[in-house]
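Scope of the values below: all heavy atoms of this structure, side chains included, with no hydrogens, waters or symmetry mates. Naming convention: chains lettered A, B, ... in sequence-line order (proteins, then strands); numbering from 1 in each chain.
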Number of protein chains: 2
Amino acid sequence: MSTGPAFKRLPRAVRQQQMLDSAVRIFSRRGYHGASMDEIAEVAGISKPMVYAYLGTKEELFVACLHREGTRMMEAIAGAADPDLPADERLWRGLRAFFGFVGAHRDGWAVLYRQARAEQPFARELTVMRARLVEVAAGMLDHALRAEGREVAHTELEVVAYALVGASESLADWLADHPEADPEKTATQMMNVAWLGAGQLLRGVTWHPPQG
Amino acid sequence: MSTGPAFKRLPRAVRQQQMLDSAVRIFSRRGYHGASMDEIAEVAGISKPMVYAYLGTKEELFVACLHREGTRMMEAIAGAADPDLPADERLWRGLRAFFGFVGAHRDGWAVLYRQARAEQPFARELTVMRARLVEVAAGMLDHALRAEGREVAHTELEVVAYALVGASESLADWLADHPEADPEKTATQMMNVAWLGAGQLLRGVTWHPPQG
DNA sequence: GCGTAACCTTACGCACGAGTAGGTATGCTT
DNA sequence: AAGCATACCTACTCGTGCGTAAGGTTACGC
């Protein structure tokens, strides 16, 4: 039989991307432990040893996924954030980029957020990325504060930023589970909660617990 | 040798609790898959077949943990929420109870939030619990709205509630990772973000995206 | 045209951990 | 004191899935 080779030979770079695509998909569906290297290889249209040859062990493969998806996300957000814009516009663009990314890469988001979080070995990677997001948000708040001549302790700012990031992640999560949802609209709703709350804080309005 | 039995014979109910305590601890540290039934049994001071005899398979054991911790948490929150209080006081008490619980049961929180979320089979359980939290939050907002004679579409309300719950979870997560942090203070900070933002919404203030 | 390197495969070893079979000891009841 | 239920154990089976050894095939340089 000369039907030719069943599988085409492709250059390394291309195969690597195929493998990563496949891995992200399987990891997001089955979870880190639930995913088998065999299935990842199969979906990538390649056999298992190739995966080991190109991307290393399962753990290394997962880190590679994490890295690629994380980088893509950070770039998407960074690309939208122009430091010269007024604070609300800047926040708006950042949020829109964020939700846009999640809407377009639901699998990547699931790997990044749900999986990496649960597994000890990868928690650190995720923490670093999240810390950067918090830093960005805190920086924005700080900038806006100074513009109004006000000042707040950095720790306070960070907690607020942390809450905002958390709320965004939560809505992103919801978005990932609802394919019919519109990222743009989700971003607007997040903006409503975030900006109005933050705006109050910026004006020096605070809430205090009742005495007791 | 008549040193007596190395391990005391204990009634079923007591051993069950020991096993659950052990399981929650191990699951929170190693994750669902990373945890081995052998280790859980060892930490509980018992042998493996006993665990199977009392709590069933690994999956059933995990569900039992989820159930116990989830019930404890919901009770802690429900016990603090008095429907007759004004909205801000009610939110404050709920948040304080929530963060107080997380601070006192960091392991339980890790199992509930981080683990259950990542594993397909348990996602549903968690989703239900979360939906109840969102419902509670949305109900509070709705109540406050009506008191001011305003009205907002239920869907809108739910998304805001979702964001608030997400922000709280995020801060709770941060709390679980920082043993030195004060739950009370965390609750206050959450209250600041939540109530100020929500308060604006209640007054009919909204944010709109710039045209483009 | 022919070697060589890169691509790709089948087929296995091996460890680890879920779940069980079958047996022993202890205390409560009559 | 015999009997019976319950607490408890040691020591296995067996599936699953990571990681690899050893060998086949295609393209490209000369």
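In this structure, A/Lys58 forms a cation-pi arrangement with A/Tyr32, its terminal cationic atom sitting closer than 6.0 Å to the ring centre and no more than 45° off the ring axis.
When rounded to the nearest whole Å, the span between CD of A/Glu39 and C1' of D/dC18 equals 15 Å. Atom pair A/Leu61:CG and D/dC18:C1' shows a separation of 12 Å (rounding to whole Å applied). Summarising the geometry, the separation between CZ on A/Arg12 and P on D/dA27 is reported as 19 Å, rounded to the nearest angstrom. Distance A/Ile46 CD1 to C/dT10 P: 11 Å, rounded to the nearest Å. Rounded to whole Å, atom C1' of D/dT6 lies 13 Å from atom CG of B/Leu10. Atoms CD (B/Glu42) and P (D/dC9) sit 12 Å apart, rounded to a whole Å. Atom CG of B/Asp38 and atom C1' of D/dC12 are 13 Å apart (whole Å). Rounding to whole angstrom units, CD of residue A/Gln16 and C1' of C/dC8 are separated by 15 Å.
A donor-acceptor contact closer than 3.5 angstrom is absent between the side chains of B/Gln17 and B/Arg12.
Two rings, from A/His105 and A/Trp109, have their centers 6.0 Å or more apart.
Using a 4.0 Å cut-off between a side-chain N of Lys or Arg and a carboxylate O of Asp or Glu, B/Arg68 and B/Asp21 qualify as a salt bridge. A salt bridge is absent between A/Arg132 and A/Glu135: the closest approach of a Lys/Arg side-chain nitrogen to an acidic carboxylate oxygen does not fall below 4.0 angstrom. Electrostatic pairing of A/Lys48 and A/Glu42 does not count as a salt bridge here, judged by no charged N lying under 4.0 Å from a carboxylate O. Ionic pairing of A/Arg29 and A/Asp107 is present here: one or more N-O contacts between side-chain nitrogen and carboxylate oxygen are shorter than 4.0 angstrom.
Looking at B/Leu175 and B/Asp182, their side chains never come closer than 4.5 Å, going by heavy atoms from C-beta outward.
Shown for residues 48-60 of chain B: residues whose heavy atoms fall under 4.0 angstrom of DNA chain C, namely B/Lys48, B/Pro49, B/Tyr52, B/Thr57, B/Lys58. A heavy atom lying under 4.0 Å from DNA chain C marks none of the residues of residues 17-36 of chain A.
Closest to the side chain of B/Arg9, from the set C/dT10, C/dA18, C/dG27, is C/dG27.
For D/dC8, the OP1/OP2 oxygens have a side-chain nitrogen or oxygen of B/Arg15 closer than 4.0 Å.
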Please list, one pair per line, the donor and acceptor atoms closer than 3.5 Å that link side chains of residues 160-170 of chain A to other protein atoms, with sequence neighbours excluded.
residue	atom	partner	partner atom	Å
A/Tyr162	OH	A/Arg130	NH1	2.8
A/Ser168	OG	A/Leu164	O	3.0
A/Glu169	OE1	A/Arg130	NE	3.4
A/Glu169	OE1	A/Arg130	NH2	2.1
A/Glu169	OE2	A/Arg130	NE	3.1
A/Glu169	OE2	A/Arg130	NH2	3.4
A/Ser170	OG	B/Arg130	NH2	3.4

